[in-house]
Amino acid sequence: MAALDALAATLVETRPAWRAGIWLAVASLARPECLLLTLLAGAALLAGGADAREGPGAPVAPGAPVARLRASASLAAGFAVPYGAWLAAAWIQFHRLLPNTSGAKAGAWLDAERATAAVRDVIRGSLSGEGLPLALAIAVFAFGGTYRLKRMDRGRRVFWIAVAVWPLLLAAFFALTGVQVVSRYLLPATPAILLLGAASLRAVAADRRFSPRATFAALALVAGLHLGASLVLTLRVVAPSAREHTAGLRASLGAIGVWAREGTPPGTLFAVADIGAFGYYSDRPVLDLFGLVTPPMGPIVVREGYDAVVANLRFEGIARPEYLVDRARTEARLTTTPDPANPYRFLHSRAIGNLGVTRPGSWVYSVYAIDWNVYDRHHPRFAAR
C-alpha cells in the first residue's frame, strides 16, 4: 500500500520516485512476486505523468521523456539500497540470490492443467477475500471505465492502469509458472483491489453528484460491509478450523516428530510432505517432498504429482532418506498388499482432523522405514549408477 501511495505521489504530484523504490524493495523482500510490481512501476514511470518542471496536472512537455527517465532511475536507486543489501547478505550467507520460497510449489511452465488450476484458485481466493471491492471495480469499469480514464490527466491515468494491471499480472505469473496457489500468495494484490473498489465508488458518487457527507457515508458503508464479511468468515470458518488444525498438528506430526527425536539418531533423514511441525519437534533433517527446502523436488512433484512421487520413490535421485512420513486419506496405503519388491515397511500412523480450510476431512500421516537394499535389488539400473 505504501509503495502504491508513493508511486501515485510521483505520477500525479511529481514527487521523487526513490520513496516508491524503497517501499517496493520492502514488498519484494516480503514476497518475491513483488519484483513484478517493481517492473510494472518502472514501466508506469516511463509512460509518465506531468513534466516535473511544469508542476502537478500540467500537460506533457517536450522535455518529459528526460523527466521520465530520471524518475525511473530514482525508483531504481531507491529500490537498490534495501534490496541490494539483502542480495549481498543472501549471497554471503546462503550463496543464493533468491530464497527457496520464490520457487515453492512451482515448476511447470506453460502447463495447461496447472495454469487452469492456478486461475481457478486465484478467482476463488479473490472472490472470498475481496469480492465486494472487486465487484464494484468491475461494474464501474464495465459501465464507463474507459471514458473516465480518458478524462483523467496522464499521470492519474497511468497510475490507475498500473493498479488495475497488477492483480492481473500476478495471476498471469502464477498461471504461466504452474504455481499451486494458496490464499496468502494473493495478499500483494489486495491493496490494489481495495483501491480500485474505493476509487470506483468515488467515481459513482462524483457522477451522481453526491455531497461530501454522502460520499463518506457510502465509502464507510462499503468498508463496513467488507470488514464485516471478513470478520464473519474469520470467526465462523477460519478461526475454528485453525484451532482444530493446531491441535491436530500437535497430536499427529508433533507426536511423530517427538518419536523421531527420541527413537532415531541425530542426522537421520526423513522424507516428509508437511515439514514444519515435524521438523520443529523432531530436530531431524527433512527431504521436503513439495520442494520448499529441497528445491530439486519442486519440478518433480508439480510434473508428476505427490502420489506418484511417493509410490515410485522419485526422490531417490536427490537423497535416500531412511524414513518416509506420508500424507493420505488412509493408513498404510503404500503397503496394503504384500510385495517383496516394495521397499516400504509400515511402522505407525497418526490422524489429523483437517489440513486447513481448503482441505477439510480426516487425513492420516503414516510412517514407513525404507529398505534401500530391496529397492536396489529391483532397480538394477539405479543400483549400477
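For the single chain, residues carry numbers from 1 onward in sequence order.
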Q: May I have the step-by-step check of side chain to side chain contact (heavy atoms under 4.5 Å, CB included) for I318 and M297, ending in yes or no?
A: CA-CA 8 Å; I318 298 171; M297 282 301 306; 3.2 Å; yes
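- The hydrophobic cluster containing L219 also contains V222, counting ILVMFWY residues as joined when their side-chain heavy atoms lie under 4.5 angstrom apart, directly or transitively.
- With values rounded to the nearest 0.5 angstrom, Q93 atom CD is found 13.5 Å from W91 atom CH2.
- The closest side-chain heavy-atom distance from V309 to L289 is below 4.5 Å.
- S28 contributes a side-chain N or O that, together with a main-chain N or O of L24, makes up a donor-acceptor pair within less than 3.5 Å.
- Judged by distance alone, the side chain of T336 and the main-chain N or O of A332 form no donor-acceptor pair under 3.5 Å.
- Linking ILVMFWY residues whenever their side-chain heavy atoms come closer than 4.5 Å, directly or via other members, leaves L36 and V26 in distinct clusters.
- Residues I370 and Y323 form no side-chain contact, since every pair of their non-hydrogen atoms from C-beta on lies 4.5 Å or further apart.
- What you find for A351 and S252 is that their closest heavy atoms are O-CB, 3.6 Å.
- Hydrophobic cluster membership differs between W160 and L194, with clusters built from Ile, Leu, Val, Met, Phe, Trp and Tyr side chains linked at under 4.5 angstrom.
- For the atom pair T10 OG1 and W18 CH2, the distance stands at 10.0 Å (nearest 0.5 Å).
- To the nearest 0.5 angstrom, R154 atom CZ is 14.5 Å from M152 atom CE.
- Counting heavy atoms from C-beta on, the side chains of R68 and L45 never come closer than 4.5 Å.
- Side-chain atoms of L347 and Y368, non-hydrogen and from C-beta on, never get closer than 4.5 Å to each other.
- A 4.5 Å side-chain heavy-atom check between L40 and V165 finds at least one atom pair inside the cut-off.
- Identified under the side-chain hydrogen bond (donor to acceptor under 3.5 Å, both in side chains) test for residues 221-245, with sequence neighbours left out: E244-N354.
- Judged as a side-chain hydrogen bond (donor to acceptor under 3.5 Å, both in side chains), the pairs with a partner in residues 254-273 (not counting sequence neighbours) are, in order, T264-R284.
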(Q) Is there a side chain to side chain contact (heavy atoms under 4.5 Å, CB included) between L134 and I138? Walk through the geometry before answering. (A) CA-CA 6 Å; L134 190 60; I138 293 174; 4.1 Å; yes
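- Evaluation of the salt bridge (Lys or Arg N to Asp or Glu O under 4.0 Å) test over residues 330-349, restricted to residues two or more places apart or in two chains, returns D307-R333, D326-R333.
- Contact between A251 and A255 at its shortest, heavy atoms only, is O-CB, 3.5 Å.
- Side-chain contact between L324 and F270: absent, with no pair of heavy atoms (C-beta onward) separated by less than 4.5 Å.
- Placement of L169 and M1 within a single hydrophobic cluster is found when ILVMFWY residues are connected by side-chain heavy-atom separations under 4.5 Å, directly or transitively.
- Atom CZ of R157 sits in a crowded spot, with more than 12 heavy atoms from other residues, nucleotides or ligands closer than 6.0 Å.
- Between R156 and L11, the closest side-chain pair of non-hydrogen atoms is not below 4.5 Å.
- The two residues A44 and V158 come nearest to each other via the heavy atoms O-CG1, 3.3 Å.
- Rounding to the nearest 0.5 Å places CG of L253 at 6.5 Å from CD1 of I352.
- By the rule that hydrophobic residues join a cluster once side-chain heavy atoms approach within less than 4.5 Å of another member, F94 and Y83 end up as members of one cluster.
- Atoms CH2 and CZ, on W372 and R320 in that order, are 5.5 Å from each other to the nearest 0.5 Å.
- The two residues R124 and D121 have their closest heavy-atom pair at NH2-OD1, 2.9 Å.
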Q. Does the pair Y365 and S349 meet the rule for a side chain to side chain contact (heavy atoms under 4.5 Å, CB included), with working shown?
A. CA-CA 5 Å; Y365 290 104; S349 68; over 6 Å; no
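- The backbone N or O of R70 lies less than 3.5 Å from no partner atom in the side chain of S74, so there is not a single donor-acceptor pair.
- Within 6.0 Å of the CH2 atom in W363, the count of heavy atoms belonging to other residues, nucleotides or ligands exceeds 12.
- Scanning all heavy atoms of the two residues, the minimum distance from A17 to A71 falls at CB-O, 3.3 Å.
- With hydrogens and angles ignored, the 3.5 Å screen pairs a side-chain donor or acceptor of Y306 with a backbone N or O of R327.
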Q: I would like to know whether Y344 and V374 meet side chain to side chain contact (heavy atoms under 4.5 Å, CB included); could you show each step before the answer?
A: CA-CA 9 Å; Y344 289 124; V374 171; over 6 Å; no
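- Rounded to the nearest 0.5 angstrom, W166 CH2 and L4 CG are separated by 9.5 Å.
- Smallest separation of non-hydrogen atoms from I193 and P167: CG1-CG, 4.1 Å.
- Residue R208 places its CZ atom among 12 or fewer non-hydrogen atoms of other residues, nucleotides or ligands, all under 6.0 Å distant.
- Formation of a donor-acceptor pair under 3.5 Å by the D288 side chain with backbone atoms of F290 is found in this model.
- Proximity of I256 to Y281: side-chain heavy atoms (C-beta onward) are nowhere separated by under 4.5 Å.
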